[in-house]
Amino acid sequence: MNSRVDNPNVTPPLPIQLFNGKDMNDWTPKIRLHQTGENYAQTFRVEDGLLKVRYDGYDDFNRQYGHIAYNKPFGHYILRIEYRFVGEQVKGGEGWAWRNSGAMLHGQSPQSMLKDQDFPISIEGQFLGGDGTSERTTSNLCTPGTHVHYMNELFTPHCTSSTSKTYHGDQWVTAEFVVLGDSIIRHVLEGKTVLEYTKPQIGGGSVSNFDQHVKTDGKALTEGYIYLQSESHPIDFRKVELYDLSAYKKNPEKLNSIIQQIIK
């Protein structure tokens with residue numbers, strides 16, 4: 001990703017604003033213990049031009065892990081998200097979930113999730129915030145109900161860290177994900193690849209109370225839904241945009257040129 005061979009004759013597509021800054025009409029919430037489409041306690045809300053995750057309507061978090069899905073699946077794309085952690089974790093949130101959120105890639109549809117399901121079967125680009133002192137990488141990988149190939153081998157642990165620096169406090173962070181079907185997925189921060197893996201597929205654990213018919217272990221993940229998480233710590237999203245690369249997936253030269261022009 002560091003070497004650049006831009007082709008001036010190839011113009012990147014315009015980004016699609018998945019979050020329009022005004023409403024969540026193109027998104028569907030799914031929160032554990034609640035039916036698909038129910039935005040319990042207004043967990044997800046739009047205020048001040050931001051998509052916010054808040055818990056002021058909760059007495060206790062009670063493992064009510066939440067996700068909100070964009071209503072269209074994608075397979076080949078670059079996703080760009082600007083986020084920041086704010087405030088204090090809600091009562092009942094688990095220690096590992098402090099300043100913890102993420103973007104779920106290649107996810108199952110929200111309509112296929114069961115009421116008590118905790119996470120969508122998906123590939124997670126995990127967001128973590130620093131505590132002001134300790135190192136804590138972000139744009140990590142977690143795999144609820146999935147596996148990938150990492151370092152040329154099937155990777156079965158649930159999570160692995162990226163090589164990113166730590167982002168402390170309430171600063172805005174821009175995370176980018178280059179997703180090319182069931183071939184390569186790259187996590188990018190500040191123009192540098194901090195994690196890369198291949199062959200995303202259904203498999204493994206770390207997801208519960210799912211429909212057995214949806215979890216076809218070994219099935220390659222070529223596309224899916226994009227989710228944003230609520231895991232008990234407030235977070236703001238001010239940009240969620242996507243460059244659709246599907247028109248170039250059969251032309252590697254053009255595809256590579258476009259990726260290099262977008263990732264800067």
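Position 1 is the first residue of the sequence; numbering continues from there. Values below: all heavy atoms of this structure, side chains included; hydrogens, waters and symmetry mates excluded.
Looking only at side-chain heavy atoms (C-beta outward), Leu228 and Ile81 come within less than 4.5 Å of each other. When side chains are defined from C-beta on, Ile259 counts as touching Leu180, because their heavy atoms get closer than 4.5 Å. Annotation: side chain of Gln117 is not in contact with side chain of Arg32 (no heavy-atom distance under 4.5 Å). Counting only heavy atoms from C-beta outward, the side chains of Ile185 and Glu196 never approach each other to under 4.5 Å. Looking at heavy atoms from C-beta onward, Pro120 lies in side-chain contact with Gln108 at the 4.5 angstrom threshold. For the pair Trp96 and Asn100, the minimum side-chain heavy-atom distance is below 4.5 Å. Side-chain contact between Phe85 and Gln171 is absent, with no heavy atoms from C-beta onward closer than 4.5 Å. A heavy-atom distance below 4.5 Å is not found between the side chains of Ile78 and Val179.
Counted within 6.0 Å of CD on Glu88, heavy atoms from surrounding residues, nucleotides or ligands total 12 or fewer; the atom is thus considered open. For CD of Glu135, the number of neighbouring non-hydrogen atoms (other residues, nucleotides, ligands) closer than 6.0 Å is 12 at most.
With sequence neighbours left out, Thr160 forms a side chain to side chain contact (heavy atoms under 4.5 Å, CB included) with Leu141, Tyr150, Phe155, Leu195.
Tracing side-chain contacts under 4.5 Å through hydrophobic residues (I, L, V, M, F, W, Y), one reaches Val46 starting from Trp27; they form part of the same cluster. Ile16 and Ile226 fall within the same hydrophobic cluster, defined by Ile, Leu, Val, Met, Phe, Trp and Tyr side-chain heavy atoms under 4.5 Å apart, directly or through other members. Both Met24 and Ile235 are members of a single hydrophobic cluster when ILVMFWY side chains are connected at heavy-atom separations under 4.5 Å. No chain of hydrophobic side-chain contacts below 4.5 Å, direct or via other Ile, Leu, Val, Met, Phe, Trp or Tyr residues, connects Phe119 to Leu33. Met151 and Val178 fall into different hydrophobic clusters, defined by Ile, Leu, Val, Met, Phe, Trp and Tyr side-chain heavy atoms under 4.5 Å apart, directly or through other members.
Here the straight-line distance linking atom OG of Ser139 with atom CZ of Phe127 works out to 6.5 Å at 0.5 Å rounding. The CG atom of Asp182 lies 9.5 Å from the NZ atom of Lys199; values are rounded to the nearest 0.5 Å. In this structure, CD on Glu176 lies 8.0 Å from OH on Tyr243, to the nearest 0.5 angstrom. Atom CG of Leu18 is separated from atom CG of Asp26 by 8.5 Å, given to the nearest 0.5 angstrom. Put simply, CG on Leu128 and OG on Ser161 are 8.0 Å apart, with the number rounded to the nearest 0.5 Å. Note that the CG atom of Leu221 and the CD1 atom of Ile123 stand 6.0 Å from one another [nearest 0.5 Å].
Donor-acceptor pairing under 3.5 Å is lacking for the side chains of Glu223 and His106. Defined by atom type and a distance below 3.5 Å, a donor-acceptor pair is missing between the side-chain atoms of Tyr167 and Arg84. With hydrogens and angles left out, the side-chain atoms of Ser206 and His158 include a donor and acceptor closer than 3.5 Å. Checked by atom type, the side-chain pair Glu253/Ser257 shows no donor-acceptor distance below 3.5 Å. In this model, a donor atom of one side chain and an acceptor atom of the other lie less than 3.5 Å apart for Gln89 and Ser232. His147 and Gln201 form no side-chain donor-acceptor contact under 3.5 Å, judged by distance and modelled atom types alone.
Asn20 approaches Lys22 most closely through the heavy-atom pair OD1-N, 2.7 Å. A pairwise comparison of heavy atoms in Val53 and Tyr55 identifies CG1-OH, 3.2 Å as the closest pair.
Listed by first then second residue, pairs satisfying salt bridge (Lys or Arg N to Asp or Glu O under 4.0 Å) with a partner in residues 50-61 read Arg45-Asp56, Glu47-Lys52, Asp48-Lys52, Arg54-Asp236, not counting sequence neighbours. Listed by first and then second residue, the salt bridge (Lys or Arg N to Asp or Glu O under 4.0 Å) pairs that reach into residues 115-127 come to none, sequence neighbours excluded. Every pair passing salt bridge (Lys or Arg N to Asp or Glu O under 4.0 Å) that includes a residue from residues 206-219 is listed here, sequence neighbours excluded: Lys215-Asp217.
For Phe237 and Phe19, the gap between ring centers reaches or exceeds 6.0 Å.
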> After noting the C-alpha distance and the side-chain angles of His187 and Tyr197, does the key distance pass the ring-ring contact (aromatic ring centres under 6.0 Å, His included) rule?
Replying inline: CA-CA 9 Å; His187 297 193; Tyr197 47 91; 5.3 Å; yes
> Would Arg80 and Leu242 satisfy side chain to side chain contact (heavy atoms under 4.5 Å, CB included), going step by step from the backbone distance to the final call?
Replying inline: CA-CA 6 Å; Arg80 180 178 292 138; Leu242 180 142; over 6 Å; no
> Does the side chain to side chain contact (heavy atoms under 4.5 Å, CB included) test come out yes or no for Asp170 and Arg99, once each step is laid out?
Replying inline: CA-CA 10 Å; Asp170 296 354; Arg99 290 194 172 238; 2.8 Å; yes
> Are Glu38 and Thr36 close enough, and set up right, to give a side chain to side chain contact (heavy atoms under 4.5 Å, CB included), and what steps lead you there?
Replying inline: CA-CA 6 Å; Glu38 180 184 348; Thr36 298; over 6 Å; no
> Passes side chain to side chain contact (heavy atoms under 4.5 Å, CB included), Glu82 versus Glu241? Steps please.
Replying inline: CA-CA 9 Å; Glu82 295 181 5; Glu241 66 179 14; over 6 Å; no
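Taking the six-membered ring for Trp and thresholds of 30 and 60 degrees, Phe61 and Tyr58 have nearly parallel ring planes, at less than 30 degrees apart. Tyr70 and Phe74 have parallel rings, their planes meeting at less than 30° on a 0 to 90° scale where 60° marks the start of perpendicular.
Alongside Val86, the hydrophobic cluster contains no other residue (criterion: ILVMFWY side chains under 4.5 Å). Membership of the apolar cluster around Met104 extends to Met113, Tyr225, Tyr227, as traced through chained side-chain contacts below 4.5 Å between ILVMFWY residues.
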